[in-house]
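First comes the structure, then the notes that go with it.
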There are 2 protein chains.
Amino acid sequence: MSLAHAILGVVEARPMNGYELARFFDAHAGWVWSAPRSQIYPQLRNMEDAGLITAERQVRGERLERRVYSITAAGAAELREWVSTPFDTRSKRDALLLQALYFDVVDPTVAVAVLRNVIDEQAAIARSWASHADQLRRHNTPLLKERLKRRPPTEHERIARIKAHVFDAGTALAQARIAWAEEGIRILTAGPDDAIAAE
Amino acid sequence: MSLAHAILGVVEARPMNGYELARFFDAHAGWVWSAPRSQIYPQLRNMEDAGLITAERQVRGERLERRVYSITAAGAAELREWVSTPFDTRSKRDALLLQALYFDVVDPTVAVAVLRNVIDEQAAIARSWASHADQLRRHNTPLLKERLKRRPPTEHERIARIKAHVFDAGTALAQARIAWAEEGIRILTAGPDDAIAAE
DNA sequence: GCCATACCTGTCAATAGAGACAGGTATGGC
DNA sequence: GCCATACCTGTCTCTATTGACAGGTATGGC
């Protein structure tokens, strides 16, 4: 399951508790991988049971404790193994494309409104991904700084470039979707005359 | 749920039984939306209970029956409603990007091998999507032919263009991923000298 | 007539994921 | 001292999704 590997990659940078992880997935990794709290806490327990992470338990008050999780050697090995494994990249579901596939059953103006919404959302995504890639290239995100502390300085530039390049993908894919939606609007707004003229 | 709407869009073209739908999702719609048999059969029952589709039951042998489902007026209304609704297009999970995010923990040659696999797979996807878009533009797929029988001829060209444009998206996104993976290989194979030289 | 194959419909168990609900703890500002 | 807020860990229920398993029916080729 990918959530486990997403968590392994984060705690590999620095130890975190469930709350921090949940906030991190909301704020940052949510762009690449998202998960609700109700999935994170049980997942951490499972990973602890599996020996992929260890918890340092800190007592808080009378009943609560805070568990700060660190990656274990087994966890690091599992992460390397998973990252090394080529897997099926064929996307199995795309709700946006499914919706567009049936645009012929609604009024063109309605479909155009849906596509305009797509363009606005994807433009916002492209901006925030580009901004994050830029921050990474400047070695300027909190988690990257923590991560680099544990790596030799000669590797720092390379690591930052690898991370930034992932967010470049988000930008490029968002821009591809925008271009596609714009072309879709042209197709939907072309009248029957245009269609015949274009034959 | 999107599976229900994927099914509605297919049976809107022509009535089908569960087996045909399962094969269709494997062969064609699987590119946009996939589902195993074990999800399709219960889903059809639910949709029948909800009045979105109706089944014509044909007896086969002593114990089996074949159920051929057609869309109802309520189902067609539900499909139009769903297609008209702008929804959140921010992708919540991308296993490929998650994997690439942690390429720094493995040997570059391993990461490059993963990316080469991505390129091969995405190239195959781009080819088959482009081919399908071409077939649609020629009004040459079985389901499109069925679908057009129920629409006025003046609409045929428009409908074919809308469908084909969805598969253009698949091609464009696959090509964007290929370009991204190729750039990733360049970053991974660049030595420390290159990195310094590029500063 | 037999058999391989395609046709046809399901069940079951397990995991993943979403969203609502529940409740205790520390701290800074008033 | 009180209270709002952020910190912190969970449970519960429902639905989605997967993969394995189960089994009956029609048909064309040998």
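So that the names make sense, note that chain A is the first sequence line, chain B the second, and so on, each numbered from 1.
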(message) Checking one residue: A:Y19. Which other hydrophobic residues are in its cluster under the side-chain 4.5 Å linking rule?
(response) A:Y41
(message) Connecting only ILVMFWY residues whose side-chain heavy atoms lie within less than 4.5 Å of each other, what is the rest of A:L173's hydrophobic cluster?
(response) B:L173
Out of [options], whichever nucleotide has its closest atom nearest the side chain of [X]:
| X | options | answer |
| --- | --- | --- |
| B:R66 | C:dT9, D:dT18, C:dG19 | C:dT9 |
| A:N17 | C:dC8, D:dT9, D:dA20 | D:dT9 |
| A:R93 | C:dA18, D:dT18, C:dT9 | D:dT18 |

Nearest-angstrom distance from the residue atom [atom1] of [X] to [atom2] of [N]:
| X | N | atom1 | atom2 | answer |
| --- | --- | --- | --- | --- |
| B:I40 | C:dT11 | CD1 | C1' | 16 Å |
| A:M16 | D:dC7 | CE | C1' | 15 Å |
| A:D88 | D:dT18 | CG | P | 12 Å |
| A:F24 | D:dC7 | CZ | C1' | 19 Å |
| A:N46 | C:dG17 | CG | C1' | 14 Å |
| A:R67 | D:dC7 | CZ | P | 19 Å |
| B:W33 | D:dT17 | CH2 | C1' | 11 Å |
| A:E20 | D:dA6 | CD | P | 16 Å |

(message) Base, sugar-phosphate or nothing for B:R57? Non-hydrogen atoms, less than 4.0 Å.
(response) nothing
(request) For the residue pair B:W180 and A:H165, establish whether any side-chain heavy-atom pair is separated by less than 4.5 Å. (result) yes
(message) A:D104 and salt bridge (Lys or Arg N to Asp or Glu O under 4.0 Å): which single residue from B:R158, B:R161, B:K163 fits?
(response) B:K163
(request) Please collect all salt bridge (charged side-chain N to carboxylate O under 4.0 Å, His left out) contacts where either partner lies in residues 115-124 of chain B, sequence neighbours excluded, each pair once. (result) none
(message) Taking the ring centre of each residue, are B:H5 and B:W33 less than 6.0 Å apart?
(response) no
Give each protein N/O atom lying under 3.5 Å from an N/O atom of nucleotides 13-15 of chain D, with the pair distance.
none

(request) Could you tell me which residues satisfy ring-ring contact (aromatic ring centres under 6.0 Å, His included) with B:H132, sequence neighbours excluded, listed by chain and number? (result) B:H28, B:W31, B:F167
Would you indicate, yes or no, if [N] has its OP1 or OP2 atom less than 4.0 angstrom from a side-chain nitrogen or oxygen of [X]?
| X | N | value |
| --- | --- | --- |
| A:R37 | C:dA22 | no |
| B:Q39 | D:dT17 | yes |
| A:Y19 | D:dT9 | no |
| A:Y41 | D:dG10 | no |
| A:R45 | D:dG10 | yes |

(request) Output yes when A:R14 and A:E20 qualify as a salt bridge under the 4.0 Å nitrogen-oxygen rule, no when they do not. (result) yes
(request) Please step through side-chain contact (heavy atoms from CB on, under 4.5 Å) for the pair B:R66 and B:V68, ending with a clear verdict. (result) CA-CA 6 Å; B:R66 170 161 59 184; B:V68 180; 4.1 Å; yes
(message) If only side-chain N and O atoms count, and only distance matters, is there a donor-acceptor pair under 3.5 Å linking B:S70 with B:E56?
(response) no
(message) For B:R23 and B:P42, find the nucleotide of DNA chain C closest to each by heavy atoms; which residue's nucleotide sits nearer the 5' end?
(response) B:R23
(message) Between B:Y69 and A:L3, which residue's closest nucleotide on DNA chain C lies nearer the 5′ terminus?
(response) B:Y69
(message) Pairs counted only when both distances fall under 3.5 Å, Watson-Crick or G-U: show me the 5' to 3' dot-bracket for DNA chain D, [ ] for pseudoknotted crossings and | for other-strand partners.
(response) ||||||||||||||||||||||||||||||
